[in-house]
Protein chains: 2
Amino acid sequence: MTLPSTYADRNCSLARTLEVVGERWTLMIVRDAFFGVTRFGDFAAELGIPRAVLTSRLKSLVQEGVLTREGDAPGGVEYRLTAKGIALWPALRAFMNWGDEFYSPAGAKRTFRHDQDAGLIDQDGRCQECGTVVRVPEIRIERGPGFEPTESDPVSEAITTSRRLLEPVTAARTPAPAAG
Amino acid sequence: MTLPSTYADRNCSLARTLEVVGERWTLMIVRDAFFGVTRFGDFAAELGIPRAVLTSRLKSLVQEGVLTREGDAPGGVEYRLTAKGIALWPALRAFMNWGDEFYSPAGAKRTFRHDQDAGLIDQDGRCQECGTVVRVPEIRIERGPGFEPTESDPVSEAITTSRRLLEPVTAARTPAPAAG
DNA sequence: CCAGCTAGTTCAGTCATTGAACTGACACAT
DNA sequence: ATGTGTCAGTTCAATGACTGAACTAGCTGG
């Protein structure tokens with residue numbers, strides 16, 4: 001096999017998953033992609049990650065089919081989650097839940113709602129109102145009780161405002177038809 | 001704050017979680033702990049991880065309260081998951097599911113069953129028979145259709161045999177009452 | 001053809017990981 | 001008490017990854 005094989009264990013799907021998203025920064029990049037970050041510069045600024053590392057991580061995520069790189073977008077390159085990338089959402093949510101549970105005594109740093117009916121989404125991704133498992137693009141993210149307001153740069157501001165997942169943050173660069 | 005702050009983002013529970021279990025090898029160690037590995041030497045052999053790194057990872061996992069280190073066990077030191085560590089199970093399962101879905105065409109490498117009624121456990125951790133969310137010690141793990149038999153050392157052998165999670169693998173060192 | 005923006009690349013310094021060999025504590029037998 | 005074995009680590013040189021800052025290159029509009 002010509003697998004990356006950073007971890008030897010061929011018989012554990014966890015090992016296989018970690019080959020793809022287990023490196024330092026990778027999962028944070030994927031998180032930002034869920035939150036609507038699409039541009040190289042925004043990832044770099046948001047995460048404070050060295051640009052060389054960002055280049056390398058984006059490359060392997062694209063290669064693995066987690067992200068696509070769209071070079072002909074108006075205003076420059078855009079990185080977007082694929083279906084395979086979106087399928088990482090339950091795992092990401094589980095990690096966030098754990099972090100909230102053990103490190104955020106004031107409550108979750110962010111809460112998730114079903115955009116259609118404003119129902120809260122539980123730990124299994126199910127809407128408390130309509131009972132369905134909410135699809136990722138229909139998830140609205142909001143600041144939770146444990147959120148600590150600090151940062152002030154525009155991108156951080158944008159991704160902590162109530163918004164739907166996957167909705168691009170800086171499409172502002174394509175001058176919007178209605179507003180400025 | 002005196003947090004590790006490998007990742008700057010204070011407002012993301014994902015970042016906080018990754019501070020604890022995001023380093024190379026850490027999640028594999030936790031996985032092994034779920035599968036019943038408790039001893040330093042078994043972790044080292046199972047994972048092929050340098051002993052120095054293992055020492056460092058175990059230390060921080062104990063410090064974070066994910067594992068306990070019990071030095072007065074018969075036969076030597078034992079590492080065990082705490083409640084906080086066990087709470088990582090949904091996240092681990094989500095990562096395994098993703099790996100199975102996209103990298104194991106022959107099906108899941110391992111399957112999980114409710115030990116009490118042999119019901120299959122779905123992606124939300126729910127038993128298909130009784131409908132309850134199965135507690136971790138009641139989960140029985142088996143080789144799945146995608147399992148590829150290769151390794152042959154005793155510990156690998158043991159943790160790929162049908163068994164309940166958290167059940168120690170090498171308690172054999174405490175001579176068993178019935179068998180030799 | 002210049003200024004400004006974007007998406008990268010380059011590179012020296014630092015830090016983490018690797019793998020192999022070594023130490024120290026305990027247990028049991030001679 | 002001496003030797004043998006096991007277990008849980010430590011030590012260390014070599015290698016590799018990450019960091020941060022500066023630099024390059026392509027496009028856009030004036």
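We name chains A, B, ... by the order of the sequence lines, and we start the count at 1 in each one.
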task: Please report, rounded to the nearest Å, how far the P atom of C:dA7 is from the CD atom of A:E70.
output: 13 Å
message: Using the side-chain hydrogen bond (donor to acceptor under 3.5 Å, both in side chains) criterion, which residues pair with B:S13? Sequence neighbours excluded.
response: A:D100
OP1 or OP2 of D:dG9 under 4.0 Å from side-chain N/O of B:Y79: yes
query: Roughly how many Å is it from CD in A:E23 to P in C:dT17, rounded to a whole number?
result: 12 Å
message: When you measure from the side-chain N and O atoms of A:Y7 to the phosphate of C:dT17, is any distance below 4.0 Å, counting only OP1 and OP2?
response: no
- request: Sequence neighbours left out, what passes side-chain contact (heavy atoms from CB on, under 4.5 Å) with A:A15? Give chain and number order.
  value: A:Y7, A:D9, A:C12, B:M28
statement: Per-nucleotide protein contact along nucleotides 19-30 of chain D, 5' to 3', at a 4.0 Å heavy-atom cut-off (B base, S sugar-phosphate only, - neither), is BB----------
field: Interatomic distance where CG belongs to B:D42 and P belongs to D:dG9 [whole Å]
entry: 13 Å
query: Rounded to the Å, how far apart are B:I29 CD1 and C:dT17 P?
result: 11 Å
Nucleic acid contacts - residues 54-62 of chain B versus DNA chain D, non-hydrogen atoms under 4.0 Å: B:T55, B:K59
task: Would you please name every residue forming a side-chain contact (heavy atoms from CB on, under 4.5 Å) with A:I121, sequence neighbours left out?
output: A:F112, A:V134, A:I139
query: Partners of A:E167 by salt bridge (Lys or Arg N to Asp or Glu O under 4.0 Å), sequence neighbours excluded?
result: A:R164
task: Not counting sequence neighbours, which residues clear side-chain contact (heavy atoms from CB on, under 4.5 Å) with A:S60? List them please.
output: none
message: What is the separation between atom CZ on B:R69 and atom C1' on D:dC7, rounded to the nearest whole Å?
response: 11 Å
- prompt: B:F40 CZ to C:dG24 C1': how many Å, rounded?
  reply: 14 Å
- prompt: side-chain contact (heavy atoms from CB on, under 4.5 Å) with B:T82: which residues, sequence neighbours excluded?
  reply: B:T68, B:K84
- line: residues 132-145 of chain A vs side chain to side chain donor-acceptor pair (under 3.5 Å), sequence neighbours excluded, gives A:R113-A:E142, A:H114-A:E138, A:D115-A:R140, A:R140-A:S162, A:R143-A:T160
query: Would you say A:R69's side chain and A:K59's backbone share a donor-acceptor pair under 3.5 angstrom?
result: no
